[in-house]
Amino acid sequence: MKATLSRVVERWWDGEGGVGGRIFDVAATPAEWLWRAASVARRRSVGAGLSIGRPVISVGNVAVGGTGKTPFVGWIVRQLAAAGVAPGVVVHQVAEDEAHLLRSWTPDIPVVVDADRVRGATQAVERGAATVVLDDGFQHHRLLRDLDVVLWAVEDPIPGRVLPRGRLREPLEALRRADAVVITRRGLHDRTRLVADELRDFLGHDAPPVVGSVYLEPGRLESLVSGGDPGEPSPQTSVLACAGIARPSRFFDHVRDRFGSHGEVRFADHHTYDARDARGLRDRAAGRPILITEKDAVKLRPFAEVLGPTWVLLQRLSWAWGEEDTRALVVHAARGRPAS
């Protein structure tokens, strides 16, 4: 039910709601005005933020979910570790699945889960972090940061609409607070340079620099059962793809590119799976292999025996352009000085 509602809302946001969507547009306009005003008031009430005595790098977005923040945070902490700067990560309390992924990708780096970013950052420092990286930190103003990187999905409209009428958490003008923007590439066409120009045109002389563009591409398959080998499905195999993530279309595209014939099951972002869900997926699969995301694997692994042959389609972060400039920006911020 929650996934169905989420899909209906996303279709409305994308302008595919028909007559009903246009009626909702009008009805929700006052709520959008209130949300805009509240976001501005909330930002002004906090002030400059608290310092923890260590550099803080925030990775966030203006739109709701689905821009690849967690893989990007993983990339940042690997760059910092390679540069000899000990990083730590703070993740919001509701994002336990992201925390688990970060721990699996970077097992030697402390990952703290805490809705209070100041308290979480302090704990990360106590655990040895010389620099703290916030996963989804752009709207959390209580903590002073040295670098604010915002991800912007290439398919999001500019200037876009604010909640509840659109995906934006706050007006696009909020991007002027950012130190840098990275475009996340989705879909078949690389429009990232064009989108970068559109952002600069809209924001004017206060626009932050667009320093690069990243995208997720499919990697290898990994069995959901640790050490198990249910027999990797061949490219001609019909599969059932399952995703409980924000904006899952790109994952389904990857499955389609790899296997062609497949069914799709969508759950809401951060869905908490139970045994009934696992049995439902097994019945929908009807003997076909099940393909899931890394994020869903965190919560479906306890039900591996119920699911049957299930594979995790790993995805890796790749750069279209700007990797070296972004790495220099991040490392210099972590060392407490601006990039030259």
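Source: prediction; values computed, not measured.
Counting only distance, with no hydrogens or angles, the side chain of R301 and the backbone of L224 share a donor-acceptor pair below 3.5 Å. Checked by atom type and distance alone, the side chain of R335 never pairs as donor or acceptor with a backbone atom of V85 at under 3.5 Å. Side chain of H262 to backbone of G260: a donor-acceptor contact under 3.5 angstrom is found. Side chain of R288 to backbone of A285: a donor-acceptor contact under 3.5 angstrom is found. Under the 3.5 Å distance criterion, the side-chain polar atoms of R103 are matched with a main-chain donor or acceptor of V111. Side-chain atoms of N61 do not come within 3.5 Å of backbone N or O of L151 as any donor-acceptor pair. At least one donor-acceptor pair under 3.5 Å links the side chain of D146 to the backbone N or O of V56.
For T272, the side-chain contact (heavy atoms from CB on, under 4.5 Å) test picks out no residue, with sequence neighbours left out. By the side chain to side chain donor-acceptor pair (under 3.5 Å) test, R327 pairs with Q79, E323, E324, sequence neighbours left out. Not counting sequence neighbours, R176 has no partner by the side chain to side chain donor-acceptor pair (under 3.5 Å) test. Partners of A82 under the side-chain contact (heavy atoms from CB on, under 4.5 Å) rule, at least two apart in sequence or in another chain, do not exist in this structure. In this view, W105 and T70, P71, R78, L101, L102, E294 satisfy the side-chain contact (heavy atoms from CB on, under 4.5 Å) rule, not counting sequence neighbours. Among residues two or more places apart in sequence or in another chain, the side-chain contact (heavy atoms from CB on, under 4.5 Å) test is passed with S58 by L134, R145, D148. Scanning for ring-ring contact (aromatic ring centres under 6.0 Å, His included) contacts around H140 gives H92, with sequence neighbours left out. Remark: D274 pairs with no residue by the side chain to side chain donor-acceptor pair (under 3.5 Å) rule, at least two apart or across chains. Partners of K295 by side chain to side chain donor-acceptor pair (under 3.5 Å), not counting sequence neighbours, listed by chain and number: E98, D269. Applying the ring-ring contact (aromatic ring centres under 6.0 Å, His included) rule to W75 yields the partners F72, W319; only residues at least two apart in sequence or on another chain are considered. Residues satisfying the ring-ring contact (aromatic ring centres under 6.0 Å, His included) test with Y273, not counting sequence neighbours, are F267, H271.
Separating the CD1 atom in I245 from the OG1 atom in T293 is a distance of 5.0 Å, to the nearest 0.5 Å. Taking CG of L172 as the start and CG of L203 as the end, the distance is 5.0 Å to the nearest 0.5 Å. From F303, atom CZ reaches atom CG of L281 across 11.0 Å, with rounding to the nearest 0.5 Å.
Heavy atoms only, all atoms of each residue included: A333 and P55 are closest at O-CB, 3.6 Å. Across H270 and K299, no two heavy atoms sit closer than the pair C-NZ, 3.3 Å.
The pair E198-R191 counts as a salt bridge, with a side-chain nitrogen and a carboxylate oxygen less than 4.0 angstrom apart. Under a 4.0 Å N-O distance rule, the pair R247/D156 qualifies as a salt bridge.
Taking the side chain as every heavy atom from C-beta outward, L80 and V133 approach each other to under 4.5 Å. Looking only at side-chain heavy atoms (C-beta outward), P218 and D257 stay at 4.5 Å or farther from each other. Counting only heavy atoms from C-beta outward, the side chains of E264 and V255 never approach each other to under 4.5 Å. Under the 4.5 Å side-chain criterion, counting only non-hydrogen atoms from C-beta, R258 is in contact with L313. Residues V162 and E170 form no side-chain contact, since every pair of their non-hydrogen atoms from C-beta on lies 4.5 Å or further apart. Side-chain atoms of L199 and L175, non-hydrogen and from C-beta on, do get closer than 4.5 Å to each other. Using a 4.5 Å heavy-atom cutoff, the side chains of V265 and R284 are in contact. Side-chain atoms of L221 and L291, non-hydrogen and from C-beta on, do get closer than 4.5 Å to each other.
Among pairs with a residue in residues 28-38, those fulfilling salt bridge (Lys or Arg N to Asp or Glu O under 4.0 Å) read E32-R36, E32-R165, at least two apart in sequence or across chains.
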